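Take a look at the structure below.
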Amino acid sequence: MKYLIPILFVLYSCLPASEPSISVSDEAVVFEGVNIIDVRDGNVIEDQLVVVDSGKIVSITGISEQQNTSWPESVTVIDASGKFITPGLAEMHAHIPSPGEGEDWIEDVLFLYLAQGVTTIRGMLGHPRHLELREAAAQNTILSPRIYTSSTSFNGNSVPTPDAGRQKVIESKEAGYDFLKFHPGIKMEVHDEIIQTAKEVGIPYAGHVSTDVGIRHALQSEYATIDHVDGYLEGLVPKPADVSPDENGFFGYNFTDLADRSMIPELVAMTKEHGVWVVPTQALFERWFSDIPADQLADESEMKYMPASTIQSWVERKNQLTSNPGFDSDTWNTFNDIRRDMIHQLQHNGQGLLLGSDAPQVFNVPGFSIHHEMQYMLEAGLTPLEVLQTGTINTAIFFEQEGEFGEIIEDASADFILSNGNPLEDLGHLKDPEGVMVRGRWLSKEEIDEKLSDLASRNENR
């Protein structure tokens, strides 16, 4: 009897290799022995075999169930033993260059998002060209994240009257934009006409909160998202302070000393009541609007992926903003602490947060800035799982696309990041991915690094 087990092992090992239990095409990619991050509950599903084909995750099984399988030679098989796959991230406050900035630069920016694991972007300043890019991305004819795009800007100049606002809503809907983008300067009567028309034609709206509108009316108007936590600090100023909303400064900074934090729960409750998601873009405030020296940020390694002229412009813009006589470190620290408190409460008691950093923006390099944003969300009190959810499953819920993307499940779009370490233990593991899968297209670390190196070389002369 003692010889039975070795004999059985020898017999098993001599069995002919079996065919895969599923039919795959020549373009399939197989990940063997990988650990899957379940972003719904934070579980790690270990030692899995994940098969990607035709842009979808077609099979997830325990690797032991597929032992001794012989895949066709054309299939790419990746030994992912001990590695982790996490759903691709969403940048929910992205910017796509306009045609005037050059087609090459558009392609470069879209690649930068992918290089850092961003597989879905929501463009926040639309252009007719972006509608074409959205369709090309959906058809996989360009290398790009999935694209949602706003309309062109709604602001005090583009919609000066209610009639102009109504007409622009109708035109934006007919053009096929995914939602309307609000910028500051919209008057109350214009705003309300826009909201009424948008509801009539069935198009969402999102973005900034104009001072004439105010945060409470914006929440009651049920924006899809309020970005930058815009208007919330102004909403903390008690009425007896009797200040003009137009004196608010940079996102309410001038009202920092007037803000009453005991009013935060009221605004958070209104946010939940009206189903308004918030995209914090905290990186904008921790980097551009902070006391970190501009030259220090300009020396960060990721800056080589932006044109040298852009970096110089960013240095000038930051210095101009923070050299204002009203700016000082103590007030900024208080301002930022209020923001972090608001973000924490919006996460745990509001509708919820969506991940977004506002890139390209001052010292926010596309793709790279989303990792800064995740770190700032941690510092605001979110857990690593909560942070991941803001850029994965929350996004799918927001777009009513659960099951389509945002998690690693069968039949979902193959959008994910392969990393050496567990991001639930350290989100930094996602910064330097072993590869990125976008709608079934595998970008290996070698290909990503080669493209980044080429981009850095070209940017020296831009």
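Just so you know, these numbers come straight off a predicted model, no measurement behind them. Hydrogens, waters and symmetry mates play no part in the numbers below; they use all other heavy atoms, side chains included.
- A donor atom on one side chain and an acceptor atom on the other are found under 3.5 Å apart for R146 and S413.
- With no hydrogens or angles considered, a side-chain donor-acceptor pair links T281 and H228 at under 3.5 Å.
- Aromatic ring centroids of Y253 and F289 lie under 6.0 Å apart.
- Ring centroid separation for the pair F335 and F250 does not come in under the 6.0 Å cut-off.
- In this structure, the side chain of K173 engages the main chain of G202 through a donor-acceptor pair within 3.5 Å.
- Within a 6.0 Å radius of CD in Q296, more than 12 heavy atoms belonging to other residues, nucleotides or ligands are found.
- Between the K56 side chain and the R439 main chain, no donor and acceptor come within less than 3.5 Å of each other.
- There is no side-chain donor-acceptor pair under 3.5 Å between E316 and Q320.
- Looking only at distances, a side-chain donor or acceptor of Q48 sits under 3.5 Å from a matching main-chain atom of E46.
- In plain terms, the two heavy atoms of N459 and K304 that are nearest each other are ND2-O, 3.4 Å.
- Smallest separation of non-hydrogen atoms from W105 and P97: CD1-CG, 3.7 Å.
- For E400, the CD atom sits in a loose shell: 12 or fewer heavy atoms of surrounding residues, nucleotides or ligands are nearer than 6.0 Å.
- Note: Y148 and F405 have tilted aromatic rings, judged against thresholds of 30 and 60 degrees for the angle between ring planes.
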ring-ring contact (aromatic ring centres under 6.0 Å, His included) evaluation trace for F251 with F285: CA-CA 9 Å; F251 291 93; F285 302 88; 5.1 Å; yes

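- How far CD1 of I370 is from CG of L89: 7.0 Å, rounded to the nearest 0.5 Å.
- Using modelled atom types and a 3.5 Å distance limit, the side chains of Q361 and H93 yield no donor-acceptor pair.
- For the residue pair T149 / D178, no side-chain donor-acceptor distance below 3.5 Å is found, with atom types taken as modelled.
- Screening N364, L455, V109, I311 against M306 for a side chain to side chain contact (heavy atoms under 4.5 Å, CB included) leaves a single residue, I311.
- Residue K431 forms a side chain to side chain contact (heavy atoms under 4.5 Å, CB included) with just one option from H371, E302, Q375, and that option is H371.
- Side-chain contact check for V169 versus I203: some heavy-atom pair is nearer than 4.5 Å.
- Cation-pi check for R122 over F179 is met; the charged atom lies under 6.0 angstrom from the ring centroid and within 45 degrees of its normal.
- When each of E91, Q282, H372 is paired with S357, the side chain to side chain donor-acceptor pair (under 3.5 Å) condition holds for E91 and for no other.
- Checking side-chain atoms of K83 against main-chain N and O of N422 turns up no donor-acceptor pair under 3.5 Å.
- At most 12 heavy atoms of other shown residues, nucleotides or ligands fall within 6.0 angstrom of atom CD in E450.
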Derivation and outcome, side-chain hydrogen bond (donor to acceptor under 3.5 Å, both in side chains), residues T152 and K168: CA-CA 9 Å; T152 57; K168 188 170 175 64; 2.6 Å; yes

